[in-house]
Amino acid sequence: MDWRVPIVTAVREGDLLWTPSPQRIASANLTHYLAWLAARGRHFDSYAALWRWSVDDLEGFWGSLWEYFDIRASKPYTRVLGRRAMPGADWFPGACLNYAEHVLRHERAGAEALVYLSERHGLKSLDWTELGNQVRRLATNLRAMGLRRGDRVVAYLPNTPEAVIAMLATVSIGAVWASCGPDFGPRGVVDRFAQLTPKFMFCVDGYHYGGKSYDRRAELKAILAELPSVERVVLVRHLYPDDSSTPAAHAIAWAAALDGDVVPRESFAYEQVPFAHPMWILFSSGTTGLPKAIIHGHGGITLEQFKGIALHMDVRARDRMFFFTTTGWMMWNFLVSALLVDVVPVLYDGNPAHPEPDVLWRMVEQTRTSYFGASPTYIGILEKAGIVPRERFDLSSLRSIVLAGSPVTAECMAWVYRNVKEDLWASSGSGGTDVCTGLVGGVVTLPVYAGEIQARQLGVAAYAYDDQGRSVVDEVGELVITEPMPSMPVGFWNDADGSRYLGSYFDQYPGVWRHGDFFRVNARGGCFVLGRSDATLNRHGVRIGTAEVYRSLLNVPEVEDALIVNLDLPGGAFFMPLFVKLRAGHSLDEPLKERIRARMRTDYSPRHVPDKIYAVPAIPYTLTGKKMEVPVRRILMGTAPDKAANRAAMSNIEALDCFIDYARHQTDFVLHA
């Protein structure tokens with residue numbers, strides 16, 4: 001059993017929560033990799049030493065992973081890193097390979113490839129043989145219909161096996177995949193997909209969520225009307241199997257797209273493409289302007305996902321791994337990549353709190369999930385509902401939980417140990433759509449400290465930079481990456497001269513990737529991601545991460561949610577309003593305001609105390625669950641709402657209205673001299 005420190009009621013940041021047992025360390029994938037390196041003459045006595053080598057000797061480290069994970073290429077690379085620069089690193093020049101081929105090399109009879117369930121049906125599975133057969137039949141038919149290497153394929157699908165099959169078939173023939181969930185409205189879909197001039201589209205007629213059915217047939221017609229480049233539509237009849245109508249004249253049913261004889265493995269040709277050949281396109285949250293169409297390549301994603309899933313998540317063949325996600329979030333791509341290491345992805349299509357808030361824990365029990373991904377927001381829902389999973393379900397299969405998606409508090413991590421399982425590795429992590437992986441995250445051979453991300457991931461030269469571009473320790477700075485990574489974007493679609501790509505990551509520190517988060521790393525290598533840096537709270541020259549404010553408000557029971565921004569005013573002045581959504585039955589009177597101010601002052605410093613506090617009916621979020629701090633800040637600074645925020649990328653569109661009204665009628669500060 002892994003050893004832990006008893007959780008006391010008042011947990012503090014940095015308290016030791018868990019230490020791995022000798023048995024856990026001995027069985028870790030990371031330990032096996034270290035032994036493999038030692039057998040080849042490379043010895044490391046700590047994770048810190050291994051990490052240092054991984055960011056100093058890029059060719060040695062990434063070349064070792066190529067060999068360790070048996071990356072297979074039809075043409076060999078001439079060297080690991082042809083050009084060591086950012087942007088413009090040239091990884092594994094000469095190599096040709098295919099991501100889908102690495103997934104389907106695990107194909108064999110009698111073994112499950114993935115399991116899936118939804119609000120409408122119980123647990124089902126798809127074995128490797130059937131997955132392989134469907135991918136090859138679909139890919140063969142797509143080729144026959146005219147899909148070629150480099151063509152774009154877009155998908156408007158829920159988190160179901162059809163999405164996985166369609167993605168693998170697309171990339172197996174060298175075409176480029178992009179997807180979003182059917183909860184997106186037409187404008188949000190068109191803003192993403194129209195940029196790509198897609199040739200084929202997969203779509204669904206509707207979906208279920210929260211016990212309700214959502215007909216998307218009208219939305220599909222509206223979307224396709226604005227995508228004239230689409231030559232073929234493949235329709236999954238999810239809600240209306242007997243409906244013979246189609247959203248376009250060139251549409252065929254999913255069953256027809258899979259029609260045909262079995263295509264033997266040995267006769268199917270995977271398109272062999274260069275390391276950086278576009279494989280899929282992920283989109284930024286799109287809170288301002290058109291979403292960035294971020295291109296990822298076959299080789300970079302293949303190598304990076306092997307590393308992240310095996311070495312940092314410590315899952316192994318036949319384990320079952322779950323993240324709650326939709327097809328519009330990079331975690332879906334990451335979850336599907338579990339197939340690379342023969343781990344079984346668990347797909348869930350539906351509301352994570354329907355019909356009860358504990359539905360995902362019932363799923364853990366049913367599927368025997370060993371690795372569970374959750375967000376701090378979800379943990380907060382469970383806590384508010386008084387749910388204690390360990391009292392309701394058999395969680396004996398569960399070995400690990402990762403908390404990601406927003407800054408994780410010490411209290412959130414302690415809640416997991418109190419209410420889920422004591423014998424558990426509960427880690428935290430942070431990464432992004434931009435690199436489709438984690439930058440900082442879990443290391444199963446290290447202790448877990450409350451509120452702290454365990455370490456910088458291997459091959460990720462992450463540092464906190466101050467305003468002068470100097471690396472700082474135990475101080476909040478900009479999260480930067482000083483060395484290239486294979487999964488950094490190939491580029492942005494429709495950005496031929498690279499100007500948008502350059503401006504997104506390299507505008508502040510030339511040659512150094514600025515990720516856009518506040519970051520702190522301590523002396524032992526523990527990490528803290530403290531919110532978006534462009535939503536900075538800069539008070540008298542001291543930068544404050546918004547996560548600190550939100551953490552403090554957890555101790556104010558009347559506050560359900562909050563958003564804080566700092567507005568830079570003429571003459572070096574500033575104004576920092578705090579907007580709070582209160583729980584039902586409470587009002588924002590002066591005593592409550594004073595308790596909020598006192599809590600901020602006591603927990604952190606007078607600089608954390610807002611200038612004004614306002615009650616709002618809702619806090620705006622993106623579809624991927626991010627608070628819209630930057631758009632709100634821009635609206636309050638006078639930017640036109642339609643330029644500051646993309647409503648098609650919002651989960652609660654009406655939540656912005658009160659901020660727009662406030663910006664129009666405010667009298668608490670003057671923006672212009």
Side-chain angles (χ1 to χ4, degrees), residues 99-100 102-104 106 112-118 123-126 128 131 135 155 157-171 177-183 279-283 296 301-350 352 360 363-364 366-375 378 397-405 427 429-433 435-438 441-442 457 487 623-625:
Y99 168 94
H102 284 80
V103 166
L104 290 171
H106 299 295
E112 289 176 333
L114 55 86
V115 297
Y116 59 102
L117 64 164
S118 72
L123 184 64
K124 297 182 179 181
S125 66
L126 193 67
W128 270 113
L131 176 64
V135 168
L157 294 172
N159 184 20
T160 58
E162 289 89 349
V164 177
I165 293 162
M167 186 273 279
L168 291 174
T170 296
V171 303
W177 171 266
S179 63
C180 67
D183 54 329
M279 183 177 80
W280 61 45
I281 291 173
L282 300 179
F283 296 94
H296 289 114
I301 289 297
T302 300
L303 195 58
E304 177 60 46
Q305 307 290 40
F306 266 113
K307 182 207 77 178
I309 294 169
L311 299 185
H312 285 285
M313 293 183 169
D314 196 46
V315 288
R316 57 213 63 176
R318 304 291 81 209
D319 278 352
R320 293 182 173 187
M321 185 171 84
F322 170 81
F323 283 91
F324 179 77
T325 184
T326 71
T327 57
W329 187 24
M330 58 82 60
M331 286 311 307
W332 181 82
N333 302 69
F334 199 91
L335 179 62
V336 174
S337 288
L339 293 166
L340 287 168
V341 291
D342 199 17
V343 165
V344 181
V346 178
L347 311 181
Y348 178 71
D349 177 31
L360 296 185
M363 178 215 68
V364 170
Q366 292 174 343
T367 62
R368 308 299 295 163
T369 290
S370 59
Y371 193 93
F372 182 85
S375 70
Y378 176 66
S397 65
L398 190 64
R399 297 198 312 269
S400 310
I401 285 182
V402 64
L403 301 168
S427 64
S430 183
T433 300
V435 291
C436 198
T437 189
Q457 291 200 358
S487 70
L623 286 167
T624 56

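Remember, predicted model here, so these are calculated numbers, not experimental data.
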Peer 1: Holding to side chain to side chain contact (heavy atoms under 4.5 Å, CB included), I want the full list of residues that pass it with V402, two or more places apart in sequence or in another chain.
Peer 2: F323, Y371, S427
Peer 1: Which pair of heavy atoms, one from A374 and one from Y378, lies closest together, and at what distance?
Peer 2: CB-CD2, 4.0 Å
Peer 1: Students often mix this up, so state it plainly: with edges at 30° and 60°, are the rings of H106 and W128 parallel, tilted or perpendicular?
Peer 2: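 It falls in the tilted class, 30° to 60°.
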Peer 1: Identify, with sequence neighbours excluded, every residue that meets salt bridge (Lys or Arg N to Asp or Glu O under 4.0 Å) alongside D349.
Peer 2: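 Partners of D349 under the salt bridge (Lys or Arg N to Asp or Glu O under 4.0 Å) test: none.
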Peer 1: Can I get a per-line list of side-chain donor-acceptor pairs under 3.5 Å for residues 334-341, giving both atom names and the distance, sequence neighbours left out?
Peer 2:
{"unit_1": "S337", "atom_1": "OG", "unit_2": "Y99", "atom_2": "OH", "d": "2.8"}
{"unit_1": "S337", "atom_1": "OG", "unit_2": "N333", "atom_2": "O", "d": "3.1"}

Peer 1: Please identify each residue that fulfils side chain to side chain donor-acceptor pair (under 3.5 Å) with N159, with sequence neighbours left out.
Peer 2: W332
Peer 1: For T369, what residues pass the side chain to side chain donor-acceptor pair (under 3.5 Å) criterion, not counting sequence neighbours?
Peer 2: T367
Peer 1: Return the set of residues passing salt bridge (Lys or Arg N to Asp or Glu O under 4.0 Å) with D342 (not counting sequence neighbours), or none when no residue passes.
Peer 2: R108, R318
Peer 1: So do the side chains of L347 and P161 get within less than 4.5 Å of each other, counting heavy atoms only?
Peer 2: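 Yes - at least one pair of side-chain heavy atoms lies under 4.5 Å apart.
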Peer 1: Would you name the heavy atoms of D183 and L623 that are closest together and state the gap between them?
Peer 2: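 Heavy-atom minimum between the residues: OD2-CD2, 4.4 Å.
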Peer 1: So, H296 side chain and I301 main chain: donor-acceptor pair closer than 3.5 Å or not?
Peer 2: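 Checking the backbone N and O of I301 against the side chain of H296, no donor-acceptor pair under 3.5 Å is found.
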Peer 1: Using a 3.5 Å distance criterion without hydrogens, assess whether the side chain of T327 forms a donor-acceptor pair with backbone atoms of C180.
Peer 2: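 Present.
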